[in-house]
Student: 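Pasting a structure here, questions to come.
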Number of protein chains: 2
Amino acid sequence: MDVTEATLRQALAGKGIKSTKQRLAVLGELEKSDAPLTAEDLFMKAHAQCETLSLSTVYRIVDMLCEKGVVMRSGLMEGGRSLFELTPVVHRHNLICVRCHKIIPLEDCPLSQYESDIAKSTGYNISGHKLEVYGVCPKCSKDRGH
Amino acid sequence: MDVTEATLRQALAGKGIKSTKQRLAVLGELEKSDAPLTAEDLFMKAHAQCETLSLSTVYRIVDMLCEKGVVMRSGLMEGGRSLFELTPVVHRHNLICVRCHKIIPLEDCPLSQYESDIAKSTGYNISGHKLEVYGVCPKCSKDRGH
DNA sequence: GTCTTTGCAAATCATTTGCATGGAA
DNA sequence: TTCCATGCAAATGATTTGCAAAGAC
């Protein structure tokens with residue numbers, strides 16, 4: 001499920017976003033990762049792809065992508081740091097272990113009916129939702145009752 | 001639906017948390033508010049109640065209450081600031097206008113069945129979830145198509 | 001060529017922490 | 001009395017910003 005540079009360029013152009021190698025590198029890393037990343041994670045990973053990339057540019061890029069709706073901040077925070085992830089085209093949610101912080105994706109989403117109901121009862125024009133489910137993974141459950 | 005100081009004291013004692021006037025003031029403001037608040041919001045509001053309260057103490061209090069599960073960080077962030085809200089005893093989700101940021105609570109939650117399904121298919125011990133729904137409120141829709 | 005994006009370094013701003021004092025049980 | 005919680009001020013660490021140079025279209 002690798003995404004080519006051309007595809008990324010096209011996706012950005014479609015949203016009226018100019019392509020730069022920094023943007024492609026950052027977006028590429030977001031595509032590759034299934035877990036949300038901090039700005040610094042992104043910087044380190046994307047820096048390997050693009051020598052000329054600075055941390056402040058990573059911040060500028062994720063801010064811009066958030067505004068365009070391409071990226072979203074995760075509800076989680078690691079320490080004081082924000083976590084960023086692609087706004088999934090294929091709708092998807094995460095299941096997060098509250099002990100080891102392992103994150104696995106959940107398959108289906110039961111909320112589309114719920115959204116239409118809400119739209120009807122509130123008059124809001126629903127644009128999306130964020131759902132995170134928390135629990136203890138099997139490994140952590142076994143390791144200790146805590 | 002006002003909460004008396006005695007009730008708050010009792011609630012804290014029940015969780016093994018010592019009562020101080022700072023804690024009661026902060027918790028009281030969280031009780032009163034239906035929207036998530038920043039640490040500074042809390043500081044300003046609670047300071048009116050309790051002269052002797054400092055911002056760093058607000059941080060220490062909300063951190064502690066988060067660990068005890070009394071308070072949670074909202075998935076939203078206002079600027080770079082974290083938002084805090086009471087962990088609802090009555091399970092509840094928010095509907096957030098992406099334009100004016102008005103927040104209204106949603107009545108029912110369709111996820112309990114979903115949680116059992118997840119528990120079965122992943123082996124996780126599910127402890128809870130966070131759901132936020134985004135949309136444009138009727139007023140903002142009328143104001144402009146943007 | 002023109003306007004936008006970036007790198008760098010300095011500036012900000014939220015959050016955290018050390019230490020001496022005040023307060024709860 | 002005995003710790004734990006707090007205030008204050010200083011430290012930290014993430015994020016932002018100004019400005020000149022490099023890059024996209």
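Values reported hereafter were calculated over all heavy atoms of this structure, with side chains retained and with hydrogens, waters and symmetry mates removed. By convention in this document, chain letters (A, B, ...) are assigned in the order of the sequence lines, proteins followed by strands, and residues within each chain are numbered from 1.
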Student: Judged by each residue's nearest nucleotide on DNA chain D, which is more toward the 5′ side, B/C50 or A/E40?
Tutor: B/C50

Student: Of all the heavy-atom pairs spanning A/V70 and A/K15, show the shortest one and how long it is.
Tutor: CG2-CD, 3.9 Å

Student: Expressed as a whole number of angstroms, how long is the span from B/L42:CG to D/dT6:C1'?
Tutor: 17 Å

Student: Side chain of A/A39: nearest nucleotide among D/dT15, D/dA5, C/dG7?
Tutor: D/dT15

Student: For B/R9 and for A/R23, locate the closest nucleotide of DNA chain C by heavy-atom distance; then report the residue assigned to the nucleotide nearer the 5' terminus.
Tutor: A/R23

Student: Rounded to whole angstroms, how far apart are CG on B/L55 and P on D/dA11?
Tutor: 18 Å

Student: Within the 4.0 Å heavy-atom criterion, would you say A/S19 contacts the bases, only the backbone, or no part of the nucleic acid?
Tutor: sugar-phosphate

Student: A/R81 side chain: which of C/dT15, D/dT6, D/dA14 is closest?
Tutor: D/dA14

Student: Figure out the CG/P separation between A/L37 and D/dT15, and round it to whole Å.
Tutor: 13 Å

Student: I want to confirm an ordering. Mapping B/T38 and B/T20 to their closest nucleotides on DNA chain C, which one lands closer to the 5' end?
Tutor: B/T38

Student: For B/L53 versus B/H47, what's the shortest heavy-atom pair and its separation?
Tutor: O-CD2, 3.4 Å

Student: Just jot down the ring pair (Phe, Tyr, Trp, His ring centres under 6.0 Å) partners of A/Y59, sequence neighbours excluded, or say none.
Tutor: none

Student: Looking only at the side chain of A/T52 (C-beta and beyond, no hydrogens), which of the listed nucleotides C/dT6, D/dC25, D/dA5 gets closest?
Tutor: C/dT6

Student: Within this structure, what is the CD-to-C1' distance between B/E67 and D/dC4, rounded to whole angstrom?
Tutor: 15 Å

Student: Check B/L30 against B/F84 and note the closest heavy-atom contact, atom names and distance.
Tutor: CD2-O, 3.8 Å

Student: Could you tell me how far apart A/F43 (CZ) and D/dA14 (C1') are, to the nearest whole angstrom?
Tutor: 14 Å

Student: Whole-Å distance between D/dA24 C1' and A/I17 CD1?
Tutor: 15 Å

Student: Can you measure from CZ (B/R81) to CG (B/L37) and round to the nearest 0.5 angstrom?
Tutor: 12.0 Å

Student: Among residues 57-66 of chain A, which ones have heavy-atom contacts with DNA chain C below 4.0 Å?
Tutor: A/T57, A/R60, A/I61

Student: Rounded to the nearest 0.5 Å, how far does CG of A/L27 lie from OG1 of A/T20?
Tutor: 10.0 Å

Student: Please tell me if A/S56 has a side-chain N or O lying less than 4.0 Å from either OP1 or OP2 of D/dT15.
Tutor: no

Student: Could you state the CG-P distance from B/L83 to C/dA14, rounded to the nearest angstrom?
Tutor: 12 Å

Student: Given C/dG7, C/dT15, D/dT6, which nucleotide is nearest the side-chain atoms of A/L53?
Tutor: C/dG7

Student: To the side chain of A/Q22, which of C/dA9, D/dT6, C/dT6 is closest?
Tutor: C/dT6

Student: Working to the nearest 0.5 Å, report the span between NZ of B/K21 and CD of B/Q49.
Tutor: 13.0 Å

Student: Of the non-hydrogen atoms in A/R23 and A/K18, which two are nearest, and what is the gap between them?
Tutor: NH1-O, 2.9 Å

Student: In whole angstrom, what separates B/H47's NE2 from D/dT6's C1'?
Tutor: 13 Å

